[in-house]
Amino acid sequence: MGKKGLLLALISVLLLAFWKYYDDNYRYDTAYAVVKENPKAKRHIWRDEKNHQEVSYTFKYKFHFVLNNGEERDINYYLVKDKPVPLKMGKIVKAGINKEYVISKL
């Protein structure tokens, strides 16, 4: 029973660690925030080994999200694209967030 018990304990610990990792990184809650700022775009230029140039732009937003249960979280969101369209002031944004990151913009 000693080896079976040890194996069962090891499997339980691994499952618990996997669940915590999943919960911290992939599970999200639906939250809402209002766009309160209109940041300037930052330009990034990327060059590869053949000296081809790619340009992308980034808008950095600081959102005060409110979840359905009333919990509040302050999270940064980076809008990065080739030609991004900034979010409009006063617009309500719906997003899937975890404890630290915006997982998906819904």
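Just so it is clear, the structure is predicted and the values come from calculations on it, not from any experiment. Values below: all heavy atoms of this structure, side chains included; hydrogens, waters and symmetry mates excluded.
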Just so I know, are the side chains of Val35 and Lys88 near enough to count as touching, which here means a heavy-atom distance under 4.5 Å? no
Indicate if Val85 and Val93 have the same hydrophobic cluster label, given that clusters are the connected sets of ILVMFWY residues with side-chain heavy-atom separations under 4.5 angstrom. no
Between Tyr32 and Asn68, the two heavy atoms sitting closest are CE1-OD1, 3.4 Å
Side chain to side chain donor-acceptor pair (under 3.5 Å) against Asp29, all qualifying residues, sequence neighbours excluded: Arg27
Short side-chain to backbone donor-acceptor contact, Tyr61 and Leu87, under 3.5 Å: yes
Answer yes or no: does atom CD1 of Ile92 have more than 12 heavy-atom neighbours from other residues, nucleotides or ligands under 6.0 Å? no
Given Val102, which of Tyr77, Tyr28, Tyr78, Phe63 fulfils the side-chain contact (heavy atoms from CB on, under 4.5 Å) condition? Tyr77
Closest approach of Lys36 and Met89, non-hydrogen atoms and distance? O-CE, 3.5 Å
Main-chain N/O of Trp19 paired to Asp23 side chain as donor or acceptor, under 3.5 Å: no
Tell me the closest heavy-atom pair linking Lys62 and Asn76, and the distance in Å. CG-OD1, 3.0 Å
Nearest heavy-atom neighbours spanning Asn98 and Ile75: O-CD1, 3.9 Å
Quick one: are Pro86 and Asn38 in side-chain contact, heavy atoms under 4.5 Å? yes
Point-to-point distance, once rounded to the nearest 0.5 Å, from CD1 of Ile103 to OG1 of Thr30: 12.0 Å
Before giving the answer on side chain to side chain contact (heavy atoms under 4.5 Å, CB included), spell out for Leu67 and Glu72 the whole-Å C-alpha distance, their side-chain angles and the decisive distance to 0.1 Å. CA-CA 6 Å; Leu67 281 73; Glu72 299 177 357; over 6 Å; no
Output the distance between atom CD (Glu100) and atom CG (Asn25), rounded to the nearest 0.5 Å. 8.5 Å
